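What follows is a single structure, written as structure tokens, with notes after it.
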Amino acid sequence: ALLSSAAADALDLRATTQRTSAYKTAVAIARAEGLPALWRGTGANVVACIPSVGIYMATYEQLKFRINKSAVLSTHAAPLLAGGMARTIAVVGTAPLELMRTRVMAQSGVGAVGGMGILLRAVAHDGWRSLWRGTSPTLYRDVPFSALYWVAAEAVRERLWRRWGASSDALVVNVTAGFIAGAVASATTHPFDVIKTRAQVQEGGADRNTLVSLRRVMVKEGWSALWDGLGPRVLKVGPSCAIVLASYELLKGLLTAPA
């Protein structure tokens, strides 16, 4: 999932910060820096995403199990609450890695700095707290995203099981549910992704209030600026969510199967 979405991730970031279409961004990068530049930051992406996804999925499963066991909320509310809480824990816990990933992918041309160099430079210039820059807009983006994603994914899976029957291929069901839920949730929360990306790319002083930043972009650049990079993000998130959900459910089934 990480490797398949790397190029789309780079296009999303560049299109968001430079306010150009995904196609023009891809052509410009390929001409100026070569085609491999589209995969710049793949290593940083792997380093950042593996612990984030691991914490997120494991925490979601535990929280959903405990919420359903308590019988306090309905089965439809459990994915919403568990998804939001799990994403909050994962975002705060891996924020420095996300900052590193974003800045590595935002670099262009020669003189690019590695992930560790970026983290050390951020601490030297702005203090260790700067490693959590962009956490607020990330939470504004990811908590609603996760809540929407899991509600949609569970609903789509339930409907597909009913329509196709219990004997349906679980892989196909999970891939379909993951893709649909990921695409819908990413499109819905995209404006906060724009604010998060701009905050993390900017070094030095940056707006700390996410809603103030959102309002400023709307006033200065118009509503359309909040949707810059939407295409690449949906192209990245939809397939990634499909692969992650299907892979996680497959691995969980293998690990919990009776010997």
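Small disclaimer: the values here were computed from a predicted structure and weren't measured.
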Hey, quick one: are Leu63 and Phe65 part of the same hydrophobic cluster, counting side-chain heavy atoms closer than 4.5 Å, chains of contacts allowed? no
Would Ile195 and Val234 show up in the same hydrophobic cluster when neighbours are defined by side-chain heavy atoms closer than 4.5 Å? yes
State plainly whether the residues Glu61 and Lys252 are in salt-bridge range, i.e. N to O under 4.0 Å. yes
I need the minimum non-hydrogen distance between Thr88 and Leu139, along with the two atoms involved. CA-CD2, 3.9 Å
Looking only at heavy atoms, what is the nearest atom pair of Ala225 and Val217, with distance? CB-CG1, 3.7 Å
For a 4.5 angstrom cut-off between non-hydrogen side-chain atoms, does Tyr248 reach Leu251? no
All N/O donor-acceptor pairs, side-chain side in residues 144-157, below 3.5 Å, sequence neighbours left out:
{"unit_1": "Ser146", "atom_1": "OG", "unit_2": "Tyr56", "atom_2": "OH", "d": "3.1"}
{"unit_1": "Ser146", "atom_1": "OG", "unit_2": "Arg87", "atom_2": "NE", "d": "3.2"}
{"unit_1": "Ser146", "atom_1": "OG", "unit_2": "Asp142", "atom_2": "O", "d": "2.9"}
{"unit_1": "Trp150", "atom_1": "NE1", "unit_2": "Tyr56", "atom_2": "OH", "d": "2.7"}
{"unit_1": "Glu154", "atom_1": "OE1", "unit_2": "Arg157", "atom_2": "NH2", "d": "3.2"}
{"unit_1": "Glu154", "atom_1": "OE2", "unit_2": "Tyr60", "atom_2": "OH", "d": "3.1"}
{"unit_1": "Glu154", "atom_1": "OE2", "unit_2": "Lys64", "atom_2": "NZ", "d": "3.1"}
{"unit_1": "Glu154", "atom_1": "OE2", "unit_2": "Arg157", "atom_2": "NH2", "d": "3.3"}
{"unit_1": "Arg157", "atom_1": "NH1", "unit_2": "Asn174", "atom_2": "OD1", "d": "2.8"}
{"unit_1": "Arg157", "atom_1": "NH1", "unit_2": "Glu249", "atom_2": "OE2", "d": "3.3"}

Minimum heavy-atom distance between Thr135 and Ala95, given as atom pair plus value: OG1-CB, 3.5 Å
The ring pair (Phe, Tyr, Trp, His ring centres under 6.0 Å) partners of Tyr140 (sequence neighbours excluded) come to Phe192
Tracing side-chain contacts under 4.5 Å among Ile, Leu, Val, Met, Phe, Trp and Tyr outward from Ile89 reaches Ile55
Quick check: is Met100 connected to Leu131 through a chain of hydrophobic side chains (ILVMFWY, heavy atoms under 4.5 Å apart)? yes
Can you give me the closest heavy-atom contact between Cys241 and Gly178, atom names plus distance? CB-O, 3.4 Å
Is there a side-chain contact between Leu214 and Leu226 in this structure, where contact means two heavy atoms from C-beta onward sitting under 4.5 Å apart? yes
Can you list the other members of the hydrophobic cluster that holds Met116, where links are side-chain heavy atoms under 4.5 angstrom apart? Leu120
Membership question, hydrophobic clusters at under 4.5 Å side-chain separation (ILVMFWY): are Trp223 and Leu211 in the same one? yes
In Å, rounded to the nearest 0.5 Å, how long is the span from CZ of Arg103 to OG1 of Thr197? 12.5 Å
Would a distance-only check, ignoring hydrogens and angles, find a side-chain to backbone donor-acceptor pair under 3.5 Å from Ser130 to Ala122? yes
Residues Thr59, Met85; criterion side chain to side chain contact (heavy atoms under 4.5 Å, CB included); working and verdict: CA-CA 8 Å; Thr59 306; Met85 292 174 65; over 6 Å; no
When you measure from the side chain of Thr94 to the backbone of Ala90, do you find a donor-acceptor pair of N or O atoms at a distance under 3.5 Å? yes
What residues form a salt bridge (charged side-chain N to carboxylate O under 4.0 Å, His left out) with Arg162, not counting sequence neighbours? Glu158
For Arg141 and His190, what are the C-alpha separation, side-chain angles and deciding distance, and is it a side chain to side chain contact (heavy atoms under 4.5 Å, CB included)? CA-CA 7 Å; Arg141 179 197 68 177; His190 185 70; over 6 Å; no
Run Asp228 and Arg198 through side chain to side chain contact (heavy atoms under 4.5 Å, CB included) and show every step you take. CA-CA 11 Å; Asp228 288 340; Arg198 293 189 180 196; 4.2 Å; yes
Provide the closest heavy-atom pair for Val244 versus Met57 in the form atom of the first, atom of the second, distance. CG1-SD, 4.4 Å
For Leu171 and Leu250, run side chain to side chain contact (heavy atoms under 4.5 Å, CB included): C-alpha distance rounded to whole Å, both residues' side-chain angles, the deciding distance at 0.1 Å, then the answer. CA-CA 8 Å; Leu171 180 63; Leu250 178 63; 5.5 Å; no
Residue pairs involving residues 88-98 (criterion salt bridge (Lys or Arg N to Asp or Glu O under 4.0 Å); sequence neighbours excluded): Glu98-Arg101, Glu98-Lys196
Would you say Pro51 and Leu97 make side-chain contact, with heavy atoms under 4.5 Å? yes
Reported CG-to-CG distance for the pair Leu235 and Leu230, which is rounded to 0.5 angstrom: 10.5 Å
Spell out, as yes or no, whether a donor-acceptor pair under 3.5 Å connects the side chain of Arg233 to the backbone of Ser186. yes
What pair of heavy atoms forms the shortest contact from Pro96 to Leu119, and how long is it? O-CD2, 3.5 Å
